[in-house]
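Okay, structure first, notes after.
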Amino acid sequence: MSTTNMTRRSFTKVAAAVGAALAATESVQLLEDADKAFAAQSVERVMHKTACHGCTNCCPVRVYTEDGKVVKIEGDPDGPLNKGGVCLKCLSQIQTLYSPRHVLHPMKRVGERGQNKWEAISWDEALDLAGEQIATAVKKFGPYSYWSARGGGGAYIEWETWGMDYTVGGCNSLASGACQCAMPRDFVSSTSVGFNCCLDMDNVDRFVGIVDNAEIDGKRRDDSERVFVIWGSQPSASKAAHGGHGLADARSNLGVKTVVIDPYMTADAVKADVWLPIRPGSDTALLLAWIRYIIDTKAYDEQFVKYWTNIPCLINPETKLPYRAEEVWPDYVNPAADAAGVYDTPAYVCFDARTNSVQPLPFSAPEASPVDPVPFTTANVNGVEAKTAGQIYWEEADPWTLDAAAKTCWLDADRIKVALDLYISADFGGVSGGVFSDHQECSSTAPLGMLAIDALLGRIETPLSAFQNHGPASLTADRPTARLGEASTSFARYGLGWTTGFTKEENDRKLDKVVEGWNEKGRDGEQMRRYFFQSRCDTLGANAHKGIHQWQTCAPKELRQAITTGEPYRPRVMYEMSGNKYAVMGPSLQWKDAFDQQDFVIQQYPNMTSFTIQSVDLFLPTTEWLEYDSYEAPGTHFNRHYARCAVTHLGETVNPFVSPYQVGKSVVEHLGAENCFDPDAFKQPFFESTEAARAAWAEQMGRSSWDEMLSDIDKRYTEVPLNQYMVYKQYEGIVSDGLPRGFATMSRKVEVYSEAMLRLARTGFPYMYPYEQPSCDDYSPICVFKEPTESPLTDTEYPLVITTGRLPHFHHGTMRHAPFIRELMPVPELRINPKTAAEYGIEHLDWVKITSRRGSSHARAYLTEGIAPGVLITERFWNPECFDDTQSSITPGFEECGYNVMSADEFQNPVFATNSYRAFTVKIEKSTRPERIWIESEQFAPFMPALRDEPVTKEVF
């Protein structure tokens, strides 16, 4: 048997048989004679250092090659978080790099979509075809006929797609990892505390950041109580290698206690001090119960609540916005006003306990405050009864006693109290909000509830807090500022958007300067800005779901409907810069109908997926991460930012930041620069060549060249000193105006009551300034409870509630073609309580058919007491073996075990267009294994590495 056809289990079986024969006869010849000259040759093993890109995290690794071939990967012991550890995703990169599924040349579809028939073409031909198709659509149907897509697992490209979009003047970019992942939490943290911390809420440097940098050496220096709440988060499964062992170190070495709130007994729940197996979709009820309990028991941090949050601010009942002092007293002079007119620090209105009256609440240090604001009260403001933000929150939470929450959430009230008391009594703590809320209708309200809990307890910029600001850039000398939508840079490029912390005059000055810059280039700057504004308004779904501007995406359902109905216009040509849309988006069958109606689809990715087989016309092969150079944001690893350094290179694969540049260049050539909205836009986030990219990344690292950086193998990173990286309570530091630094929010305080949510709904502020987008229904400024649209409490036809989670085996839709991982996890498992299974006659490892109102999927039953009766959990999956050439017939492989065939987009979160990928209802029945699905080790032999003898090649560009 050749090595390419032998799995580890096959090898074990053969070895055992040979061993038995040797023991019986003592004469079995195990080795063949080899040429003596060949046997005498030594193999040079070379060690390289790079950083893994198997997920959105980063782990520094050592990679070993022999004669140019990668033979081993191990964690770098010098890694401050992983400390030499790596996970399955990293270790399997050898298999994916040398996989027969790793595409090495551009491919053009030659059969019908779905037939998996391709021919290899040159890059010149591929780029010409891509440019011609995009340009033709734009000429014939207008710039909105082009759209891009990114995210969704394994993608290296995110908001950079704007560079292609605004080259032609397009306005739609579908980001799977936006509405459904992190963007809602990003908006809440960015607007309410002034910085983006959502992506790292369950990262090790959050929950091990204790005191005195104890996370580095593991030595506990005090006897303080530390409690970390893991709410819908799975550090041991959803993070890189450092997630699980980092939390284990925190528990064993530093005494950190944990509360896990999750429907399933995760690896983190097993070791938790308290586990609350909450009903999927009921989280905001429990959040409100926690808020009520904290207020009722007066467990809140009174000084922090009074002086560092907007909880004491009186709210105008007509506008629902906090009163400004000038509204109540027109002649009021704000003592915190900037005489230079650059920085804005508003004064609000409160009820003062000292004078027992309504008074101005200027920003100041607590000890210098002229008032003693009352957080929870009602007062008369100029004849109008007004409540504080705190009072509004308290009344919203009032119905949610522990018993009420227990009934709604399927929990025990006493256990809720145990968890609450443990958390409240801790000296340090933090709530880690996972991606669960980003997959539900509560994506905007659940993060607000988590913020409210930690703000009430004063756990902002403190050890263990999820809301921490790291690095010297946050230690501002002036009043901190923040610009939303900045990640895409296109808002700033076209002169749109408000910078929080600046006055109106300063914002206008900065935006006008952008317009003047276009005028100097021979373009009408105001016309450019107005076109950009209108295109943002015309983005599909953007008027109802204005939060999507945060990551400059479009709304998924509205995009799908526009493609299928042509209203208000039909996007026709797609450039997909990520992986398997059918695995990570739903409802998949309805998306299939939409993608089938596309005129032309381009995809860049290292390997073909279900999406490629079913929908793609032109495939552009990109590098796997062992072939990949970069220094982009996901390289951050605690106080270090690592470069990723190519170890080898196969075929004609191209860096994912280079291929869009080449496509953009082709589009401009076909379309004509004079017919482009911004013919240079694609040059901003992308690079003409790998060398150009390396030069830019080296400059970011402060190195003279990429080669200079590579020459120091032990220092392929930039580093922030720990005494600058871990700085707690930064808001207390005094800055240039003589006041405390505060936060980069409108109030300069933590905005537990989100003024940003209200202003966003009404005008598109802050993204659309100086213009106003048409208004929509107000978005809730606080956490509220809404029973999911599909609820097991009322649904008799589909009586079970289902959710999903992440495994350490895969990242989103990646690596289903990695044979050893598939040997460990060949198909999705449906975790089900034995009582529920018995009702349906289902036994352990039976195949089960799961059906929602959208479609059906399959999984193998895994009976466990680690999930409540009536609740199901399974994984997103797809099966590349379904289109393997060894099959007698093929399918794209996403329907057989495709969780997102069942998920819903007919009900969404109003702010962020979040679809319901969790907490919807289903029914189940015993079934059989679908055709073409592999489950035995030997079946995965066609996925074994087959490209080891491929020559190492030069970069194409």
Side-chain angles (χ1 to χ4, degrees), residues 127 130-150 157 159-175 485 488-497 511 514-515 517-519 521-543 548-549 551-555 558-559 562-563 566-577 598-602 660-686 764 767-768 771 773:
L127 295 172
E132 184 269 332
Q133 289 290 331
I134 295 171
T136 297
V138 171
K139 289 177 182 177
K140 190 173 182 180
F141 302 107
Y144 292 178
S145 63
Y146 167 80
W147 64 287
S148 61
R150 79 269 194 180
I157 301 298
W159 38 76
E160 294 89 355
T161 51
W162 76 266
M164 278 293 302
D165 302 337
Y166 285 100
T167 293
V168 300
C171 63
N172 291 295
S173 184
L174 177 63
S488 69
T489 71
S490 56
F491 282 90
R493 181 173 176 83
Y494 303 117
L496 203 67
L511 295 178
V514 175
V515 171
W518 283 108
N519 292 337
K521 296 176 183 178
R523 301 291 301 272
D524 186 327
E526 183 58 28
Q527 186 182 60
M528 293 281 288
R529 177 161 65 178
R530 284 197 171 275
Y531 180 92
F532 180 70
F533 164 73
Q534 189 59 51
S535 72
R536 299 318 304 155
C537 293
D538 293 341
T539 297
L540 293 165
N543 282 326
I548 64 178
H549 295 318
W551 282 10
Q552 204 160 331
T553 182
C554 57
E558 284 79 353
L559 171 66
I563 294 172
E567 297 295 334
Y569 52 86
R570 176 175 284 121
R572 295 172 176 271
V573 176
M574 173 190 187
Y575 188 173
E576 165 64 83
M577 300 189 192
Q598 288 293 279
D599 294 349
F600 198 79
V601 177
I602 306 160
Y661 186 106
Q662 295 295 331
V663 171
K665 182 179 177 182
S666 177
V667 170
V668 174
E669 290 173 353
H670 280 277
L671 197 58
E674 68 279 5
N675 298 314
C676 296
F677 168 65
D678 185 356
D680 293 324
F682 70 92
K683 300 176 183 178
Q684 308 311 308
F686 301 120
Y767 309 100
M768 294 308 199
Y771 312 124
Q773 189 176 1

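In this chain, residues are counted from 1 in sequence order.
Rounded to the nearest 0.5 Å, atoms SG (Cys554) and CG (Leu174) are 5.0 Å apart. From Leu559, atom CG reaches atom CE of Met574 across 8.0 Å, with rounding to the nearest 0.5 Å. Atom OH of Tyr661 is separated from atom CG of Leu127 by 12.5 Å, given to the nearest 0.5 angstrom.
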Assess whether side chain to side chain contact (heavy atoms under 4.5 Å, CB included) is satisfied between Met164 and Tyr146, documenting all intermediate values.
CA-CA 9 Å; Met164 278 293 302; Tyr146 167 80; 3.5 Å; yes
Let's go through Leu496 and Met768 carefully: what are the C-alpha distance in whole Å and the side-chain angles of both, what is the deciding distance for side chain to side chain contact (heavy atoms under 4.5 Å, CB included) to 0.1 Å, and is it a yes or a no?
CA-CA 6 Å; Leu496 203 67; Met768 294 308 199; 3.9 Å; yes
Is there a side chain to side chain contact (heavy atoms under 4.5 Å, CB included) between Lys683 and Thr167 once you walk through the steps?
CA-CA 9 Å; Lys683 300 176 183 178; Thr167 293; over 6 Å; no
Carefully, step by step, assess Arg493 and Tyr166 under the rule side-chain hydrogen bond (donor to acceptor under 3.5 Å, both in side chains).
CA-CA 11 Å; Arg493 181 173 176 83; Tyr166 285 100; over 6 Å; no
Starting from the C-alpha separation in whole Å, work towards a yes-or-no answer on side-chain hydrogen bond (donor to acceptor under 3.5 Å, both in side chains) for Gln552 and Ser490.
CA-CA 9 Å; Gln552 204 160 331; Ser490 56; 2.6 Å; yes
Take Gln133 and His670 through the test side chain to side chain contact (heavy atoms under 4.5 Å, CB included) and record every step on the way to the result.
CA-CA 9 Å; Gln133 289 290 331; His670 280 277; over 6 Å; no
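Judged by the 6.0 Å and 45° rule, Arg536 forms no cation-pi pair with Tyr767.
Across all non-hydrogen atoms, the minimal contact from Asn543 to Cys537 is ND2-O, 3.7 Å. Thr553 approaches Ala175 most closely through the heavy-atom pair OG1-N, 3.1 Å. What you find for Ala135 and Leu671 is that their closest heavy atoms are O-CD1, 3.7 Å. Here the closest non-hydrogen pair linking Ala137 and Val573 is CB-CG2, 3.5 Å. In terms of heavy atoms, Pro571 sits closest to Ala562 at CD-CB, 4.0 Å.
Ring-centre distance between Tyr494 and Phe532: below the 6.0 Å cut-off.
Proximity of Trp159 to Arg150: side-chain heavy atoms (C-beta onward) are separated by under 4.5 Å at one or more points. Inter-residue side-chain proximity for Val663 and Ile134 is flagged as met; some heavy-atom pair is nearer than 4.5 Å. Here the side chains of Arg529 and Tyr771 are in contact, with some heavy-atom distance below 4.5 Å. Put simply, the side chain of Val601 does not reach to within 4.5 Å of the side chain of Tyr575, judged on heavy atoms.
Results of the side-chain contact (heavy atoms from CB on, under 4.5 Å) test with Cys171 over Phe677, Trp162, Tyr569, Tyr531 single out Tyr569 as the only residue that passes.
Proximity of a side-chain donor or acceptor of Thr161 to a complementary backbone N or O of Ile157 within less than 3.5 Å is not detected. Of the possible donor and acceptor atoms, one in the side chain of Arg570 sits under 3.5 Å from a partner among the backbone N and O of Ile563. Although no hydrogens or angles enter the test, the distance criterion places a donor-acceptor pair under 3.5 Å between the side chain of Gln684 and the main chain of Asp680. Asp524 places a side-chain N or O within 3.5 Å of a backbone atom of Gln527 that can act as its donor or acceptor partner. Distance alone, capped at 3.5 Å, places no donor-acceptor pair between the Ser148 side chain and the Asp165 backbone. Glu160 places no side-chain N or O within donor-acceptor distance of the main-chain N or O of Pro660, the cut-off being under 3.5 Å.
Checked by atom type, the side-chain pair Thr539/Asn172 shows no donor-acceptor distance below 3.5 Å. Judged by distance alone, the side chains of His549 and Gln773 do bring a donor and an acceptor atom under 3.5 Å apart. With hydrogens and angles left out, the side-chain atoms of Thr136 and Glu132 include a donor and acceptor closer than 3.5 Å. Using modelled atom types, one finds a donor on one side chain and an acceptor on the other under 3.5 Å when comparing Trp147 with Gln598.
Under a 4.0 Å N-O distance rule, the pair Asp678/Arg523 does not qualify as a salt bridge.
Under the rule for a side-chain hydrogen bond (donor to acceptor under 3.5 Å, both in side chains), the partners of Asp538 that lie at least two apart in sequence or sit in another chain are Tyr144, Gln534. For the side-chain hydrogen bond (donor to acceptor under 3.5 Å, both in side chains) test, no residue two or more places apart in sequence or in another chain qualifies with Ser145.
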